[in-house]
Amino acid sequence: MIATQAAADGAETARRLEDAVYTLCVVTGIRRLDTALSVAWRQMAEVMRQEQPLRH
């Protein structure tokens with residue numbers, strides 16, 4: 001029973017990872033994961049630079 005659940009959990013995790021990779025590639029317009037990750041990091045860094053700092 002435990003091994004069956006672990007296999008099911010592993011399959012679910014693998015499916016979610018595949019979905020995340022697919023979504024990242026679609027959003028960035030890049031087919032290679034390593035390149036899509038690099039583009040996404042650069043895009044996030046640019047957005048962070050453009051945001052105004054919070055004032056307390």
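Predicted, not measured: the structure shown is a model, and the values here were computed from it. Keep in mind that the numbers below use all heavy atoms, side chains included, and drop hydrogens, waters and symmetry copies.
Linking Ile, Leu, Val, Met, Phe, Trp and Tyr residues whenever their side-chain heavy atoms come within less than 4.5 Å leaves Trp41 and Val27 in two separate clusters.
Salt-bridge annotation for Glu18 and Arg15: absent, with no side-chain N of the basic residue lying under 4.0 Å from a carboxylate O of the acidic one.
Atom CD of Gln50 sits about 4.5 Å away from atom CD of Glu46, to the nearest 0.5 Å. We find the OH-CZ distance between Tyr22 and Arg31 to be 10.5 Å, quoted to the nearest 0.5 Å.
In terms of heavy atoms, Ile30 sits closest to Cys25 at O-CB, 3.0 Å. Nearest heavy atoms, Leu24 versus Ala40: CD1-CB, 3.7 Å.
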Let's go through Arg42 and Val39 carefully: what are the C-alpha distance in whole Å and the side-chain angles of both, what is the deciding distance for side chain to side chain contact (heavy atoms under 4.5 Å, CB included) to 0.1 Å, and is it a yes or a no? CA-CA 5 Å; Arg42 284 192 307 247; Val39 167; 3.4 Å; yes
